[in-house]
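See below for the structure under consideration.
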There are 2 protein chains.
Amino acid sequence: MTADPVSLVFAALADPTRRAILARLASGEATVNELAAPFPVSVQAISKHLNVLERAGLIVRTREAQWRRCRLDPAPLRTLSEWVDQYRRLWDDRYDTLDDYLRDLKERSDGTAQ
Amino acid sequence: MTADPVSLVFAALADPTRRAILARLASGEATVNELAAPFPVSVQAISKHLNVLERAGLIVRTREAQWRRCRLDPAPLRTLSEWVDQYRRLWDDRYDTLDDYLRDLKERSDGTAQ
DNA sequence: CCTTCTCTCAACCACTTGGTTGATAAACCG
DNA sequence: CGGTTTATCAACCAAGTGGTTGAGAGAAGG
């Protein structure tokens, strides 16, 4: 799956089950069983989905006793937001002039290595 | 690949070649051969990538004579940006209070069916 | 100790993906 | 008309994906 980080994040999000898991985790930590409960698939399938999310850096898993708690890590989403916003001038009406666009680009690039 | 539109867009972006094609198209229309030139793969492979981008709604293709010009359609990127921003409160420091967050949620939801 | 609960590992399966090569269609050009 | 350019279609292949079932490891608890 072309191991570059951005591709990993996009690929991880290209599945409704995984996006639903993230939505659930946005409101707090959860165990694997808790995450699997709403879905009509096996716990093993959910475990695989969690592997994908973990490889993409979107969640972190901590073990306590026999439970593995999952927590959402929004850092990759921030990176993604910045990637998408590269194209913002193509649709957004907030850029009235090229100057506005260039000024904003400069602001965004301050300490933000692509 | 689970035909829902959001998944289609994420999946289309989960490939560095396709993202490079979009970056090229951000600076203007291009034909298939022009798009294929920088890549070490066949023109047919690029044609397949363009099919994926078209199904995701990220490009539109118009035919003139023997050329098919490709143009970027940023609308799905806007949708994506809104999707990602659902999680913005989890990382961004611009939300100082819950009130700020809720007020912003209300603004975003005006005419923005999820 | 034995059972139960939680979770992962391993093997397997159908399907998709990203690439190839070869053939074909369509339009221009001499 | 004959050849060249542009792009797609079709068949194929290796590798990956999302699901299954079955087995097993670790910790809690009667």
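Throughout, protein chains are lettered first and strands after them, A, B, ... in sequence-line order, and every chain is numbered starting at 1.
A:I21 pairs with exactly one of A:L58, A:D15, A:I46, A:I59 by the side-chain contact (heavy atoms from CB on, under 4.5 Å) rule, that one being A:I46.
Contacts of A:R69 with the nucleic acid, taken as non-hydrogen atoms under 4.0 Å apart, are absent.
D:dT20 atom C1' lies 13 Å from atom CD1 of A:I46, rounded to whole Å. Atom CG of B:L50 and atom P of C:dG18 are 13 Å apart (whole Å). Remark: C1' of D:dT17 and CZ of B:F10 are 18 Å apart, rounded to the nearest angstrom. Between A:L8 atom CG and D:dT17 atom C1' there is a gap of 14 Å when expressed in whole angstrom units. For B:E54 and D:dC9, the CD to P distance is 10 Å, given to the nearest whole Å. Between the CG atom of B:L53 and the P atom of C:dT17 there is a distance of 13 Å, given to the nearest Å. Distance A:K48 NZ to C:dC9 P: 11 Å, rounded to the nearest Å. Rounded to an integer number of Å, the gap from B:N51 CG to D:dA10 P is 12 Å.
Closest to the side chain of B:V32, from the set D:dG19, D:dA11, D:dT8, is D:dT8. Comparing atom distances between the B:W67 side chain and each of D:dT6, D:dG18, D:dT21 picks out D:dT6 as nearest. Each of D:dA27, C:dT20, D:dG18 was ranked by its minimum atom distance to the side chain of A:Q66; first place goes to D:dA27.
Side-chain N/O atoms of A:H49 include one lying less than 4.0 angstrom from OP1 or OP2 on D:dG19. Between C:dG18 and B:R18, a contact under 4.0 Å exists linking OP1 or OP2 to a side-chain N or O. Side-chain N/O atoms of B:S47 include none lying less than 4.0 angstrom from OP1 or OP2 on D:dA7. Using a 4.0 Å cut-off, some side-chain N or O of A:N33 falls inside it from OP1 or OP2 of C:dC7. Using a 4.0 Å cut-off, some side-chain N or O of B:R61 falls inside it from OP1 or OP2 of D:dT8.
Looking at A:Q44, its side chain has no donor and acceptor atom pair within 3.5 Å of the base of D:dG18.
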Trace of the side chain to side chain contact (heavy atoms under 4.5 Å, CB included) decision for B:V41 with B:K48: CA-CA 11 Å; B:V41 300; B:K48 284 191 178 184; over 6 Å; no

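Classification of the B:F10-A:F10 ring pair by plane angle, with boundaries at 30° and 60°, yields tilted.
Between B:R63 atom CZ and B:R69 atom CZ the span is 14.5 Å, to the nearest 0.5 Å. Between the CG atom in B:D85 and the CZ atom in A:R78 there is a gap of 11.5 Å [rounded to 0.5 Å].
Take the nearest nucleotide of DNA chain D for A:A65 and for A:V43: the residue whose nucleotide is more 5' is A:V43.
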